[in-house]
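Worksheet for the structure shown next.
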Amino acid sequence: MPFTLATWNINSVRLREGLVARLMNEEQPDVLCLQECKSPVDKIPLEQFRSLGYTHFVARGQKGYNGVAIFSKIPMEDAGHRDFVGKGDARHVAARLENGVTVHNFYVPAGGDVPDREVNEKFGHKLDFLTEMRDWFHAERPGKSIMVGDLNIAPREDDVWSHKQLLKVVSHTPIEVEHLGQTQDAGDWVDVTRADIPDGQLYSWWSYRARDWDTSDRGRRLDHIWASGDIANAGHNSRILRPVRGWEQPSDHAPVFASFDL
DNA sequence: ATGGTCGTCACACGA
C-alpha cells in the first residue's frame, strides 16, 4: 500500500493552522510530521485537521518552544518518545503505522551561533543530542522505519548556498556533519531525498532575515527524510515544496515530501 | 563586516 509522507518545521502550529490545513488540502500527504509546534499538546488545534481526514495524531509539546507532532490519515499507534540529553525537551515522537512502518519525528537543537562548545553550551547540547541519537540507533538497529525532521544540519556541499562561506556557520561545520554522518551510519539510514535527487543544490530553509529570500536564494537543506536500509528502495518521488516558503506569513522552512511503495 | 526577521511571552530568549 503506497503512501506519501511529509516533514515540515511549522514554527508555531497555532499561528499557522491555516497553512497546515492548506498543505493538507492541496498535497494530501498520508502522514505529516511537524516540528517547532511551540504549543502544549492540549492546545494544538485538531478539529480542522480531523475534518480534513487526519484523524490520527501523536505529539509531544511544551509551552513556547520545541514540540513535535505526527498527523496521519493512516491508522497508527503511539510508539513512544525519548528525552534526548535529559532536558525535558519535546524533540522526538514516534508512531507505528498500521502497515508496520515506524516513523520517528525529530527536532534536533539548532545549536546557537558560535560553533564551539567551550563558549557556547547550546552547540555542545546539539552535538550531545546527535551522539545520543547515534548510540540509540546503534542499540535499536531500526528496521522498517522512517526517520524525518528538522535535523538543523545541511551535510553536503550542495545542501547550502555557499559551502565555503558556511564552513564556520552552525549547521554546516565539519564537526556537525561528522556527528550527523555517524548518526546516519549507526541506524543504517538512507538519505531518501538525496537518493532520489542526487545532483544539484537543494534547500528546505531560507532565513527570515534576507530582504528577498527567493532572489538571494541563500538556503540550506536542514530538513531530512531517511529510511532504514530494508525499505529505502521503496522511497521515491522526493521533493521540496519551495513555493510554500512564499505563502502568506510563512514558516522559514519548506515541507519535504517522499512517497513509499510498501 | 554587520545586521538583518520572526514567534512566544511579557522580558528577553531562541531560531
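First the proteins, then the strands, lettered A, B, ... as listed; each starts at 1.
Using a 4.0 Å heavy-atom distance criterion, Arg220(A) is classed as making no nucleic acid contact. Counting any heavy atom pair closer than 4.0 Å across all strands shown, Gln249(A) reaches sugar-phosphate atoms only and no base atom.
A salt bridge does not link Asp89(A) to Lys87(A): none of the charged nitrogens lies less than 4.0 Å from a carboxylate oxygen.
Between the C1' atoms of dG4(B) and dA15(B), the separation comes to 14 Å (whole Å).
A straight line from OH of Tyr65(A) to C1' of dC13(B) spans 5 Å, rounded to a whole angstrom. The distance from atom CD1 of Ile10(A) to atom C1' of dC6(B) is 14 Å, rounded to the nearest whole Å. The separation between Arg211(A) atom CZ and dG4(B) atom P is 10 Å, rounded to whole Å. Protein atom CG of Leu15(A) is 12 Å distant from nucleotide atom P of dC6(B), rounded to whole Å.
Phosphate proximity of dA15(B) to Ser207(A): absent, as no side-chain N or O sits under 4.0 Å from OP1 or OP2. Between dG14(B) and Lys63(A), no contact under 4.0 Å exists linking OP1 or OP2 to a side-chain N or O.
For the pair Asp113(A) and Val13(A), nearest-nucleotide mapping onto DNA chain B gives the more 5' position to Val13(A). Nucleotides of DNA chain B nearest to Gly111(A) and Arg14(A) differ in position, and the one nearer the 5' end is that of Arg14(A).
The side chain of Tyr208(A) approaches dC6(B) more closely than any other nucleotide in the set dT8(B), dG14(B), dC6(B). Proximity note for Arg16(A) (side chain, C-beta onward) versus dA10(B), dG7(B), dT5(B): the nearest is dG7(B).
Take Glu132(A) and apply the side chain to side chain donor-acceptor pair (under 3.5 Å) test, not counting sequence neighbours, and it matches Arg82(A).
Asp113(A) CG: 12 or fewer foreign heavy atoms inside a 6.0 Å radius.
Close placement of the Trp136(A) and Phe84(A) rings is indicated, their centers lying within 6.0 Å of each other.
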